[in-house]
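Worksheet: the structure to be examined is printed underneath.
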Amino acid sequence: MNPRKIQDNIYWMGAVDWNSRLFDSLIPLPDGTSYNAYLIKGSEGTMLLDTVDPPMIDKLMSQLEGVEKLDYIVCLHAEQDHSGGIPTVLARFPEARVVTTPKAKAMLMDLMPIPETSFMLVNDGDEISLGDKTLEFIHMPWVHWPETMVAYLRENKMLFSCDFFGSHIATTDLYATDEGRVYEAAKRYYAEIMMPFRSIIKRNLEKLKAYEIETIAPSHGPIHDRPAMIMEAHDQWVNGPPKNLVVLPYITMHGSTEKMVNHLVASLVDKGVSVELFDLTVTDIGKLAIALVDAATIVVGSPTVLAGPHPNVVYATCLANALRPKAKFLSILGSYGWGGKTVETLASLIPNLKVEIIEPLLIKGTPKEEDFKALDQLAETIAEKHRESGFCFC
Ligand code: FEO
């Protein structure tokens with residue numbers, strides 16, 4: 001696409017990646033993504049904020065064809081989907097300074113060829129004036145690497161937030177007009193890369209309260225010209241209590257674990273507890289990550305295979321451990337044929353989760369009457385824990 005005007009002398013540039021389906025070789029992208037760069041033309045200088053993923057650099061270079069001079073190339077975040085195009089842009093504008101945080105400079109020098117003399121480092125709160133436009137750089141660690149910063153364009157009350165408040169959506173919409181779609185994509189993105197750093201994100205949200213923000217221009221997905229939606233959503237995800245919700249990822253091989261799962265789901269629902277169920281043979285792992293944002297309880301269901309948990313369940317459990325959701329309780333259920341260490345193995349995979357373990361239920365063979373009673377008891381225990389914790393049964 002061609003550059004798109006956002007406000008006078010402020011343009012969206014970058015690339016819409018319609019076909020990408022996996023980010024960082026991990027994160028499913030059902031709706032593709034975009035790599036947003038922004039050009040700001042001040043009365044006394046021109047600045048490019050971020051670049052694009054290297055395979056898409058030709059699109060950005062073509063958008064920059066009409067630009068005669070570039071004074072600054074800002075790197076808000078060293079991950080290559082935003083920084084990877086810097087060497088190519090710098091080759092075209094060798095006089096430009098690469099503006100970034102001290103930590104990001106070190107990372108960039110590890111990742112790509114940028115002459116050390118090109119860097120201009122900015123500390124938290126430093127400003128660059130482009131004449132009639134002033135950019136303040138606000139260090140904002142862990143959104144989503146430790147070196148990240150955002151930039152606030154004071155005269156336009158516009159925040160360039162890089163990954164923060166972003167969403168993986170390929171669209172020709174410049175603005176987040178379809179807020180439901182953007183909300184879900186942003187929640188997926190938050191769950192997959194920022195949820196583990198929730199306590200720091202909380203401080204970052206507090207820090208931004210000092211700024212009057214009318215527009216948020218992230219580096220993925222559409223721009224927010226009504227920023228309340230995305231800021232309130234992040235506040236809820238970070239600061240809100242867990243919901244009266246059980247997230248239940250599972251695998252079944254010959255149906256026994258599935259019978260247990262289905263009975264538990266029915267029993268939980270009868271007791272007023274919501275459930276989100278994920279058969280890991282067909283699940284979009286991003287949907288599971290989204291559900292983990294709100295869940296009060298995680299129940300992992302696995303058959304015993306080769307004396308341990310099913311490998312797909314191991315993967316999902318490791319992912320949940322890495323994402324560090326705010327769940328308070330966890331249990332394990334499943335079936336085995338002759339023995340094994342399914343519970344012990346799964347329990348050893350979740351050192352990051354600050355959860356109370358509810359007594360696991362592992363049965364031999366297919367579930368029988370006493371097993372269904374035990375599942376009802378498990379459902380009752382979960383419901384009681386949720387009630388005691390004050391989670392809403394409304
Ligand atoms: Fe969009 Fe952390 O890179």
Side-chain angles (χ1 to χ4, degrees), residues 12-38 48-57 59-60 73-89 98-101 103-112 114 137-151 159-171 176 182 184-198 200-201 204-205 216-224 230 234 237-238 286 289-290 319 322-324:
W12 173 91
M13 290 189 174
V16 177
D17 191 346
W18 297 93
N19 299 324
S20 183
R21 287 293 174 270
L22 205 57
F23 190 77
D24 287 351
S25 299
L26 171 68
I27 299 168
L29 301 177
D31 299 313
T33 191
S34 67
Y35 312 106
N36 304 334
Y38 298 97
L48 180 70
L49 286 135
D50 284 328
T51 64
V52 295
D53 209 23
M56 302 220 150
I57 188 63
K59 294 183 192 301
L60 179 62
I73 303 166
V74 175
C75 173
L76 296 174
H77 170 29
E79 192 165 16
Q80 294 94 319
D81 53 322
H82 311 294
S83 67
I86 291 175
T88 308
V89 177
V98 177
V99 178
T100 198
T101 64
K103 275 187 187 167
K105 176 195 167 189
M107 289 184 177
L108 289 171
M109 296 207 50
D110 287 340
L111 293 169
M112 61 194 74
I114 299 176
F137 299 96
I138 310 163
H139 286 200
M140 199 119 304
W142 296 107
V143 291
H144 100 268
W145 281 3
E147 87 306 356
T148 311
M149 65 176 177
V150 300
L159 184 75
F160 298 92
S161 60
C162 200
D163 281 347
F164 207 11
F165 306 120
S167 53
H168 284 305
I169 301 180
T171 176
V182 173
E184 166 134 353
K187 191 172 186 181
R188 172 188 288 262
Y189 193 40
Y190 162 80
E192 290 165 335
I193 67 168
M194 289 178 209
M195 184 159 65
F197 314 116
R198 209 162 47 250
I200 303 168
I201 309 293
N204 288 335
L205 286 169
I216 294 178
S219 295
H220 297 289
I223 295 167
H224 300 277
I230 199 69
H234 278 73
W237 301 334
V238 169
I290 291 171
L319 184 68
L323 296 180
R324 300 174 188 238

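Atoms within a ligand are numbered from 1 in the order they appear, just like the ligands themselves.
- Exactly one of Asp50, Asp163, Thr33, Asp81 qualifies for a side chain to side chain donor-acceptor pair (under 3.5 Å) with Ser219. That residue is Asp50.
- Two residues are said to be in side-chain contact when any heavy atoms from C-beta on lie closer than 4.5 Å; Ser167 and Pro222 meet this criterion.
- Around CD of Glu184, the count of heavy atoms belonging to other residues, nucleotides or ligands within 6.0 Å does not exceed 12.
- For Ala151, the side-chain contact (heavy atoms from CB on, under 4.5 Å) partners two or more places apart in sequence, or in a different chain, are Leu49, Leu76, Leu135, Phe137, Phe160.
- Using a 4.5 Å heavy-atom threshold, the side chains of Met13 and Tyr38 count as separate.
- Excluding waters, the set of protein N, O or S atoms lying under 2.8 Å from atom 1 (Fe) of ligand 1 comprises Asp81 OD2, His82 NE2, Asp163 OD1, His220 NE2.
- Exactly one of His234, His139, His144 qualifies for a ring-ring contact (aromatic ring centres under 6.0 Å, His included) with Phe164. That residue is His234.
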